[in-house]
Number of protein chains: 2
Amino acid sequence: MNTRTALLDAAEQALRSHGQNGFSYQDLSKTVGIRTASIHYHFPSKAGLIVALIQRYTADVLEALEDLGRSGSTAGQQLRDFVGIYRAALNDGRCLCLCVALLMAPDDVSADGLAEIHRFRAKELRWLERLFAQAQADGTIQNPQDPSAEAAACLALVEGAQINARANHDTAAFDTAVELLLSRTRG
Amino acid sequence: MNTRTALLDAAEQALRSHGQNGFSYQDLSKTVGIRTASIHYHFPSKAGLIVALIQRYTADVLEALEDLGRSGSTAGQQLRDFVGIYRAALNDGRCLCLCVALLMAPDDVSADGLAEIHRFRAKELRWLERLFAQAQADGTIQNPQDPSAEAAACLALVEGAQINARANHDTAAFDTAVELLLSRTRG
DNA sequence: GTCTATATATAGATAGAC
DNA sequence: GTCTATCTATATATAGAC
């Protein structure tokens, strides 16, 4: 196992659980098994580590969404899959989406990091808009409204649902919050 | 002006902007104009300060909701007012609801503080359930579903909308996210 | 690449003078 | 109630040996 990858994995888990200011090189040191000075060899600054983390995470999520878009599934099925991605990210109510976790303290994120996050969220919104436009055509989401309003509401809902779930360390709170949205899907 | 109140005000603003770990007694010292040792006279520990903050904040919000409930307004109007409270709390896209800001790092909140937050959120959900039950009777919210599912979705949505707004330091992002919900209100 | 040792900054908190 | 002075812990980060 690559040390750099192990560090990124440990940092991602810690950041999504405790926020950017909620973990230190000391914590990573214990998890990965090397001294803090050695971590600085791989990632000279914590800000740089976090930018690397954002790049890896957003690339993975965007690839998953592109795969979904190419799957040929109905809009309703893609919406269920999209919600499922955010549900799985919860990790039994302990974690948030990396970008949401970072946006809890936006002033502590480097300018580079923030720019990456904004690019990611803009792409995510465009993906959702395309989804709700498809829904107007295939009819697999009940009572479809303006795609851009639907997309913004959908993203805010799943992010709020994550916060609710982690507040109780309970995935069920997530399910309750998205129940209404999912009940609109047909086929 | 009471020093204790000035400290609470400064701490609330700082916490809602930067999170629990994003402000220090040093910061409060600069804002209020007394030394950090003097702050410890009013609030011996930071954890105690935060519990006091939660108590003041949740009491204020719950009182506002009770006033709304007694106002005799339609369910649609009360929902618009409810969303308006979360919108006003944004403070031009710089702040979150205190409890949401704290739930970003739940492990750093004292057991007392967490208990207060959970009590508050449970009451808020009950208030919303009552609202959506009223909507089924007075018909001022379109297409009403199960009140408890509506309540959970509504709370998650406004909280997610706050995060979206602060990500861009822009209240418009909040408005976009809640547009669909508000468009369901009639009269 | 990883280590020990260390530098530097800042955090929350306490003692005791005024 | 507020101050100066200080304690202790922890943070990010660097220098230089191995």
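Nothing here was measured: the structure is a model prediction, and the numbers come from that model. The chains referred to below are lettered A, B, ... by the order of the sequence lines, with proteins before strands, and numbering in each begins at 1.
- Applying the side chain to side chain donor-acceptor pair (under 3.5 Å) criterion to A:Thr36, with sequence neighbours excluded, gives no partner residue.
- Proximity of residues 31-50 of chain A to DNA chain C (heavy atom under 4.0 angstrom from any strand atom) is restricted to A:Ile34, A:Arg35, A:Ala37, A:Ser38, A:Tyr41, A:His42.
- Taking a 4.0 Å limit (strictly below) on heavy-atom distances, residues 8-20 of chain B does not reach DNA chain D anywhere.
- One finds a salt bridge joining A:Arg184 and A:Glu150 here, because a Lys/Arg side-chain nitrogen approaches an Asp/Glu carboxylate oxygen to under 4.0 Å.
- A:Arg80 pairs by the salt bridge (Lys or Arg N to Asp or Glu O under 4.0 Å) definition with nothing, not counting sequence neighbours.
- Listed by chain and residue number, nothing satisfies the ring pair (Phe, Tyr, Trp, His ring centres under 6.0 Å) test with A:His169 (two or more places apart in sequence, or in another chain).
- The ring pair (Phe, Tyr, Trp, His ring centres under 6.0 Å) search around A:Tyr25 returns A:His40, not counting sequence neighbours.
- Every ring pair (Phe, Tyr, Trp, His ring centres under 6.0 Å) that A:Tyr86 has, sequence neighbours left out, goes to A:Phe82.
- Residues meeting the salt bridge (Lys or Arg N to Asp or Glu O under 4.0 Å) test with B:Arg166, sequence neighbours left out: none.
- Residue pairs meeting the salt bridge (Lys or Arg N to Asp or Glu O under 4.0 Å) criterion with at least one partner in residues 119-130 of chain A, sequence neighbours excluded, are A:Glu116-A:Arg119, A:Arg121-A:Glu159.
- Boundaries of the chain B contact region on DNA chain C are C:dA11 to C:dA15, first to last in 5' to 3' order (nucleotide atom under 4.0 Å from a heavy atom).
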Indicate every side-chain donor-acceptor pair of residues 105-115 of chain A with a distance under 3.5 Å to a residue at least two apart or in another chain.
unit_1	atom_1	unit_2	atom_2	d
A:Asp107	OD2	B:His18	ND1	3.1
A:Asp108	OD2	A:Asn21	ND2	2.7
A:Ser110	OG	A:Gly113	N	3.1

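- Residues that satisfy the ring pair (Phe, Tyr, Trp, His ring centres under 6.0 Å) test with A:His118, not counting sequence neighbours, are absent from this structure.
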